[in-house]
Amino acid sequence: MKSTKLCWWTPFKYAVPADYENWFEQQALEGWHPVKVGQWSSFAMRFKKGEPKRYRYVVDLQPAPRKDYKRIYEDFGWEFVGQMASAYVWRREYKGERPESFSDMPSRRSRNRRFFWAVAASFIMLAVGALASAGAAVFAPTAPEKRLELILSAAFCALVAAALGVVMARIRKNLDR
């Protein structure tokens with residue numbers, strides 16, 4: 001039996017924060033625990049096989065956290081698992097009732113809006129990049145090989161922007177979760 005596994009593109013597969021947290025919790029119930037959550041975990045996250053545990057995971061986007069952000073979570077019994085860009089991952093083992101971090105509707109909506117706007121910013125940048133590359137391919141006097149590069153760049157940016165558009169729609173549909 002394998003003692004480690006690699007999971008690819010997980011934040012993109014589980015774009016809605018509640019879905020991502022549930023996925024983490026299911027992994028823990030099966031005995032798979034993240035080795036390290038870091039900047040590259042958005043692309044590939046490594047898990048190590050261990051004892052199955054009931055963890056409550058929280059994924060919280062904090063672009064500019066307060067100085068006491070980590071201490072507040074830790075004071076309430078949460079363990080810092082790691083950080084992917086501005087997304088902080090926390091967990092807390094439990095036996096009885098599942099603990100909540102965002103226990104009221106306004107705080108859940110606020111957290112989910114932060115995720116929505118972070119994805120929206122990337123969407124806008126890629127859409128502008130696609131339009132700029134396409135415009136340069138059509139209107140700029142360039143060599144044919146450069147034109148092909150611009151067309152491929154525009155296509156790539158447009159494809160990723162479209163994927164982010166789908167992610168934005170999923171998050172927006174689930175703002176209350």
Side-chain angles (χ1 to χ4, degrees), residues 2-27 32-49 57-67 69-70 80-91 102 108-177:
K2 292 168 64 172
S3 62
T4 62
K5 74 175 181 176
L6 204 56
C7 295
W8 297 92
W9 309 102
T10 57
F12 304 100
K13 291 178 188 175
Y14 309 100
V16 176
D19 294 342
Y20 201 27
E21 294 166 355
N22 290 335
W23 177 78
F24 268 119
E25 291 171 26
Q26 185 59 46
Q27 297 303 306
W32 292 106
H33 307 287
V35 173
K36 177 185 174 196
V37 174
Q39 297 304 332
W40 293 103
S41 297
S42 298
F43 306 107
M45 189 177 302
R46 195 162 28 114
F47 286 79
K48 187 174 184 173
K49 188 69 172 171
Y57 277 86
V58 170
V59 179
D60 185 21
L61 185 73
Q62 288 291 326
R66 298 174 13 187
K67 281 186 177 184
Y69 171 75
K70 282 185 177 180
F80 180 67
V81 180
Q83 177 184 354
M84 294 178 282
S86 297
Y88 291 79
V89 180
W90 298 91
R91 73 178 173 198
F102 299 98
R108 277 195 304 273
R109 286 181 71 84
S110 176
R111 185 263 313 253
N112 292 341
R113 278 193 192 110
R114 287 193 303 270
F115 271 90
F116 176 85
W117 287 111
V119 174
S122 298
F123 169 82
I124 290 167
M125 287 189 290
L126 284 161
V128 168
L131 290 172
S133 294
V138 171
F139 297 112
T142 60
E145 60 274 0
K146 289 289 183 190
R147 187 162 297 183
L148 179 61
E149 289 174 13
L150 289 168
I151 291 169
L152 290 173
S153 173
F156 176 76
C157 288
L159 181 66
V160 176
L164 290 175
V166 170
V167 167
M168 287 170 49
R170 285 174 46 204
I171 294 171
R172 187 175 186 97
K173 228 165 86 173
N174 291 280
L175 282 177
D176 293 337
R177 290 187 42 223

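One-based numbering along the sequence shown.
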Quiz item: Between Phe47 and Leu6, is a side chain to side chain contact (heavy atoms under 4.5 Å, CB included) present by the stated rule, with each step listed?
Solution: CA-CA 6 Å; Phe47 286 79; Leu6 204 56; over 6 Å; no

Quiz prompt | Results of side chain to side chain donor-acceptor pair (under 3.5 Å) for Trp23 - residues two or more places apart only | solution = Tyr14

Quiz item: Is the shortest side-chain N to carboxylate O distance from Glu21 to Arg108 below 4.0 Å?
Solution: no

Practice problem: Would you name the heavy atoms of Phe123 and Gly165 that are closest together and state the gap between them? | Solution: CD1-N, 3.9 Å

Exercise. For residues Asn112 and Ile171, report the shortest heavy-atom separation together with the two atoms involved.
Key: O-CG2, 3.6 Å

Exercise. First locate atom CG of Asp19, then atom CD of Gln26, and finally report the distance between them rounded to the nearest 0.5 Å.
Key: 13.0 Å

Quiz item: Taking all non-hydrogen atoms of both residues, which atom of Ser42 and which atom of Pro11 are closest, and how far apart?
Solution: O-CD, 3.3 Å

Quiz item: Is the distance between the ring centroids of Trp9 and Phe43 under 6.0 Å?
Solution: yes

Quiz item: What are the two closest non-hydrogen atoms of Pro34 and Val81, and how far apart are they?
Solution: CG-CG1, 3.9 Å

Quiz item: Can you list every salt bridge (Lys or Arg N to Asp or Glu O under 4.0 Å) pair that touches residues 139-148, not counting sequence neighbours?
Solution: Lys146-Glu149

Quiz item: Do Gln83 and Val89 come within less than 4.5 Å of each other through their side chains, counting heavy atoms only?
Solution: no

Quiz item: Would you say Leu175 and Arg113 make side-chain contact, with heavy atoms under 4.5 Å?
Solution: yes

Quiz item: What closest approach, in Å, do Ser122 and Leu164 show between heavy atoms, and which atom pair accounts for it?
Solution: CB-CD1, 3.7 Å

Self-check item: Main-chain N/O of His33 paired with Lys49 side-chain donor or acceptor, under 3.5 Å
Solution: no

Quiz item: Would a line drawn from the ring center of Phe80 to the ring center of Trp90 be shorter than 6.0 Å?
Solution: yes

Practice problem: Assert yes or no for the condition that the ring centre distance of Tyr69 to Tyr88 is strictly below 6.0 Å. | Solution: yes

Quiz item: Does atom NZ of Lys36 have more than 12 heavy-atom neighbours from other groups under 6.0 Å away?
Solution: no

Quiz item: So, is the end of the Arg91 side chain (NZ or CZ) under 6.0 Å from the ring centre of Phe24 and within 45° of the ring's axis?
Solution: no

Quiz item: Is Asp60 salt-bridged to Arg114, cutoff N-O under 4.0 Å?
Solution: yes

Exercise. To the nearest 0.5 angstrom, please state how far the SG atom of Cys7 sits from the CE atom of Met45.
Key: 8.0 Å

Quiz item: Roughly how far, to the nearest 0.5 Å, is the CZ atom of Arg111 from the CD atom of Gln62?
Solution: 10.5 Å

Quiz prompt | Residues which pass side chain to side chain donor-acceptor pair (under 3.5 Å) with Asn174, listed by chain and number, not counting sequence neighbours | solution = Arg177

Self-check item: Minimum heavy-atom distance Met84-Tyr20, with the two atoms named
Solution: CE-OH, 3.6 Å

Quiz item: So, the side chain of Ser41 versus the backbone of Gly38: is there a donor-acceptor pair under 3.5 Å, distance only?
Solution: yes

Quiz item: Do you see a donor-acceptor pair shorter than 3.5 Å between the side chains of Lys5 and Gln27?
Solution: yes

